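For reference, the structure is listed below as structure tokens.
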Amino acid sequence: QVRLVESGGGSVQAGGSLRISCAVFGYISSVNCMGWFRQAPGKEREEVATIYRGGSTSYADSLKGRFIISQDNYRTTVNLQMNSLKPDDTAMYYCAAVSLRDARLCALSTSADFGNWGQGTQVTVTS
């Protein structure tokens with residue numbers, strides 16, 4: 001089990017950038033797939049990006065080219081760099097972690113696969 005703590009959320013103008021981070025505490029070796037998800041009011045939670053232990057990444061099609069997920073060498077921090085932000089990006093952003101068999105399954109994962117969740121960090125994009 002791991003504990004996840006998100007940080008870095010806030011308010012930014014449309015077109016701006018923001019980086020949010022997820023600190024991973026506990027038995028890091030128990031998880032190998034990290035994900036960022038977001039949920040806007042009245043909408044379902046959607047997957048933003050995932051990163052596997054070896055560094056393989058996947059993104060929601062609508063966010064490719066604007067968002068970048070990364071992790072440090074010790075996998076204790078997972079970052080999400082968000083560029084060219086739009087008001088539609090406004091949401092609560094959640095970090096999640098799970099152990100999956102391989103990078104392919106990590107890329108194909110959905111929120112139902114993840115058992116460890118952070119409390120979330122709010123990102124608001126103003127027009």
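Note that this is a predicted model, so its numbers are computed, not measured. Numbering starts at 1 and runs along the sequence shown.
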Should we count CD of Gln119 as having more than 12 external heavy atoms under 6.0 Å?
->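 No.
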Pairs involving residues 57-127, ordered by first then second residue, that meet disulfide (SG to SG under 2.5 Å) (sequence neighbours left out) =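 Qualifying pairs, neighbours excluded: Cys22-Cys95, Cys33-Cys106.
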Contact list for residues 37-89, test disulfide (SG to SG under 2.5 Å), sequence neighbours left out |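 As it turns out, there is no disulfide (SG to SG under 2.5 Å) pair with a partner in residues 37-89 once direct neighbours are skipped.
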How close do [X] and [Y] get, counting heavy atoms only, and between which atoms?
X	Y	answer
Ser58	Ala107	OG-CA, 3.5 Å
Arg53	Gln71	O-NE2, 3.1 Å
Ser17	Asn83	OG-OD1, 3.0 Å
Ala49	Leu80	CB-CD1, 4.4 Å
Thr90	Gln122	CG2-NE2, 4.0 Å

Sequence neighbours excluded, every pair satisfying salt bridge (charged side-chain N to carboxylate O under 4.0 Å, His left out) that has a member inside residues 111-127 =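 Of all non-adjacent pairs touching residues 111-127, none passes salt bridge (charged side-chain N to carboxylate O under 4.0 Å, His left out).
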Pairs satisfying salt bridge (charged side-chain N to carboxylate O under 4.0 Å, His left out), at least one member in residues 23-32, at least two apart =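 Non-adjacent pairs meeting salt bridge (charged side-chain N to carboxylate O under 4.0 Å, His left out): zero.
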side-chain contact (heavy atoms from CB on, under 4.5 Å) partners of Ser30, counting only residues at least two apart =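 Here the qualifying residues are Val2, Tyr27.
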Residues forming a side-chain contact (heavy atoms from CB on, under 4.5 Å) with Ser21, sequence neighbours excluded |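 Ser21: side-chain contact (heavy atoms from CB on, under 4.5 Å) contacts with Ser7, Arg19, Thr77, Asn79.
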Taking the side chain as C-beta and beyond, is there a heavy-atom pair between Met82 and Val123 under 4.5 Å?
->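 Met82 reaches Val123 side chain to side chain.
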Quick one: hydrophobic cluster around Val5, which other residues, with the 4.5 Å side-chain cut-off, linked directly or via members?
->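 Other cluster members: Phe25.
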Quick one: side-chain hydrogen bond (donor to acceptor under 3.5 Å, both in side chains) partners of [X], sequence neighbours excluded?
X	answer
Thr121	none
Glu47	Ser109
Arg66	Asp89
Lys64	Asp61

Apply side-chain contact (heavy atoms from CB on, under 4.5 Å) to the pair Trp117 and Ser111, showing each step before the final yes or no.
-> CA-CA 10 Å; Trp117 291 87; Ser111 60; 3.9 Å; yes
Does the Tyr59 side chain pair with the main chain of Ile69, one donor and one acceptor, at a distance under 3.5 Å?
->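 Yes: the side chain of Tyr59 pairs with the backbone of Ile69.
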Check for a donor-acceptor pair, side chain of Asn116 on one end and backbone N or O of Ala97 on the other, with a separation under 3.5 Å.
->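 Looks like yes, one N/O pair under 3.5 Å.
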Joint cluster assignment, Met34 & Ile68, ILVMFWY side-chain distance < 4.5 Å |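 As far as the 4.5 Å side-chain criterion goes, Ile68 and Met34 are connected within one cluster.
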Contacts of type ring-ring contact (aromatic ring centres under 6.0 Å, His included), residue Phe114, not counting sequence neighbours |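 If we apply the ring-ring contact (aromatic ring centres under 6.0 Å, His included) test to Phe114, skipping adjacent residues, the hits are Phe37.
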Would Thr57 and Thr50 satisfy side-chain contact (heavy atoms from CB on, under 4.5 Å), going step by step from the backbone distance to the final call?
-> CA-CA 6 Å; Thr57 59; Thr50 64; over 6 Å; no
Kindly indicate whether a cation-pi arrangement holds for Arg45 with Tyr94, taking the cut-offs as under 6.0 Å to the six-membered ring centre and within 45° of the axis.
->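 Output yes; distance and angle both within limits.
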Begin from the C-alpha positions of Leu4 and Val24 and carry the test side-chain contact (heavy atoms from CB on, under 4.5 Å) through to its verdict.
-> CA-CA 5 Å; Leu4 308 174; Val24 185; 3.9 Å; yes
